[in-house]
Amino acid sequence: FQEHLEPGLVQCIIGGGEHGAAIVSAGIDGICFTGSVNTGHKVALAAASAGITATLELGGKDAAVVLGDADIGRAAQGIAWAAFAFAGQNCAAVERCYVHDSIYQPFLTAVIQHTKSLKLGTDIGPLVTKQQLDVVDGHVSEAIDKGASVHTGGRPTNEGYYYPPTVLSDVPSGASVLTEETFGPVLPVIPFSNLEDLPDLVNGTAFGLTTSVWTSDLEMGEAIAENFNCGVVTINNHSFTGALPSAAWGGTKNTGHGITNSRFALYEMTRPKTVVVDGSKQPEMWWFPHNSALLDVTRGLVELSRSGGNRLPALSQTLKGLLRRWKESS
């Protein structure tokens with residue numbers, strides 16, 4: 001950046017929470033924050049206290065919905081990538097997969113086969129911290145304790161912070177792996193029967209970033225997308241629109257507020273200023289003195305604005321009042 005832009009326009013500061021807190025309180029005009037919900041709420045409070053704007057992107061619990069007419073092979077491959085790329089450390093990663101029961105078993109088989117072909121250290125990297133490794137392991141262990149079935153992975157490798165890509169089924173509805181952000185390579189696959197149930201299933205978390213619908217009926221996919229309370233819906237793809245500069249990127253609920261990317265992001269980063277130039281040399285009608293002529297104009301305008309008002313007398317009163325005001329100002 002320094003080779004192409006003005007010196008100091010872009011700066012990189014590497015540090016922890018204390019550095020972020022210092023930036024928010026450093027007299028800046030606004031902040032765009034990506035991170036955890038708890039930290040995001042602190043940033044929002046600090047920004048509000050400082051009277052500046054805050055754009056927040058605080059993660060998600062994204063769902064993929066696979067309809068009965070979907071291309072099973074392509075959907076399994078695409079959803080596996082969206083769930084396991086970056087070891088699941090992506091706010092838009094698929095963390096829940098709802099599959100129509102008419103194709104549930106063949107889809108589950110396909111996604112398991114694809115997942116088993118992934119290689120640690122090549123396809124799947126490590127988690128960034130021991131703390132995050134513990135979160136992922138805790139979600140999976142809780143689901144298993146409550147009756148979930150493990151088809152791949154399911155426990156840490158004990159080699160650094162690697163966690164193998166994990167596919168779960170038979171996950172109970174109250175499990176944390178279905179409600180809280182896991183932020184790791186874990187994919188619960190859940191069957192559904194009725195399309196009418198999808199809004200409750202997809203919208204049933206505190207997040208609302210992205211959702212995908214996988215179907216051969218594109219019109220149906222778009223219609224279903226209308227029911228999801230999130231910022232982005234993709235049909236037959238997932239987790240790539242954040243790289244499109246023209247596509248608005250944002251969410252709802254605990255995912256945060258504000259937009260990045262697209263022209264709408266410019267509204268988050270600018271403050272409008274209105275400059276009005278009056279070239280008239282005459283005083284305005286509503287300036288002092290306030291007298292009977294101004295009162296007549298006001299009463300006439302009010303009557304004209306009323307539905308069913310007596311318009312002809314009101315118009316006459318308004319014009320007479322304007323004429324008197326004009327003569328006074330002249």
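Looking at every heavy atom in both residues, A75 comes nearest to V66 through CB-CG1, 4.4 Å. Scanning both residues, A110 and I72, for their nearest heavy atoms gives CB-CG2, 4.2 Å. Minimum interatomic distance between T166 and G154 (heavy atoms only, all atoms of both residues): OG1-N, 2.9 Å. H100 approaches L67 most closely through the heavy-atom pair CB-C, 4.1 Å. Smallest separation of non-hydrogen atoms from T252 and N229: OG1-O, 3.1 Å. The two atoms that bring P245 and A243 nearest to each other are CD-O, 3.3 Å, heavy atoms only.
Between the side chains of N254 and E181, not a single donor N or O lies within less than 3.5 Å of an accepting N or O. With no hydrogens or angles considered, a side-chain donor-acceptor pair links K61 and T182 at under 3.5 Å. Judged purely by distance below 3.5 Å, without hydrogens or angles, the side chains of S239 and D62 never pair a donor atom with an acceptor atom.
Within a 6.0 Å radius of NZ in K253, other residues, nucleotides and ligands contribute more than 12 heavy atoms. No more than 12 heavy-atom neighbours from other residues, nucleotides or ligands sit within 6.0 angstrom of CD on E219. The number of heavy-atom neighbours closer than 6.0 Å to NE2 of H4, taken from other residues, nucleotides and ligands shown, is 12 or below. Within 6.0 Å of atom OH in Y162, more than 12 heavy atoms from other residues, nucleotides or ligands are found, so the atom counts as buried in its surroundings. For CD of E6, the number of neighbouring non-hydrogen atoms (other residues, nucleotides, ligands) closer than 6.0 Å is 12 at most. Taking a 6.0 Å sphere around CD of E18, one finds it holds more than 12 heavy atoms contributed by other residues, nucleotides or ligands.
Side-chain contact between C97 and F107 is present, with at least one heavy-atom pair separated by less than 4.5 Å. With contacts defined as side-chain heavy-atom distances shorter than 4.5 Å, the pair D29/I52 does not qualify. For the pair T260 and T55, the minimum side-chain heavy-atom distance is below 4.5 Å. Residues F192 and D197 are not in side-chain contact: their nearest non-hydrogen atoms beyond the backbone lie 4.5 Å or more apart. Within the 4.5 Å cutoff, no side-chain heavy atoms of I124 are placed close to those of P164. Side-chain contact between L58 and F33 is present, with at least one heavy-atom pair separated by less than 4.5 Å. Between C12 and I14, some side-chain heavy-atom pair lies under the 4.5 Å cut-off. Between V232 and T234 there is a side-chain heavy-atom pair separated by less than 4.5 Å.
With rounding to the nearest 0.5 Å, the separation of NZ in K42 from CG in L45 is 10.0 Å. Here the straight-line distance linking atom CG of L9 with atom CD of Q11 works out to 9.0 Å at 0.5 Å rounding. Between atom CZ of residue R299 and atom OG of residue S292 there is a gap of 9.5 Å, rounded to the nearest 0.5 Å. Separation of atoms CZ (R74) and CD1 (I79) is listed at 10.0 Å; rounding is to 0.5 Å. Atoms OH and CG, from Y163 and L133 in turn, are 8.0 Å apart once rounded to the nearest 0.5 Å.
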Contacts table for residues 308-323: side-chain donor-acceptor under 3.5 angstrom, sequence neighbours left out:
{"unit_1": "R311", "atom_1": "NH1", "unit_2": "L304", "atom_2": "O", "d": "3.0"}
{"unit_1": "T318", "atom_1": "OG1", "unit_2": "L301", "atom_2": "N", "d": "3.4"}
{"unit_1": "T318", "atom_1": "OG1", "unit_2": "A314", "atom_2": "O", "d": "2.8"}

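Within the structure, ring-ring contact (aromatic ring centres under 6.0 Å, His included) pairs that include any residue of residues 198-248 do not occur (at least two apart or interchain). Applying the salt bridge (Lys or Arg N to Asp or Glu O under 4.0 Å) test to pairs two or more places apart or on separate chains, none has a residue in residues 266-279.
Ring geometry, F264 versus Y267: the interplanar angle exceeds 60°, so the pair is classed perpendicular (tilted spans 30 to 60°).
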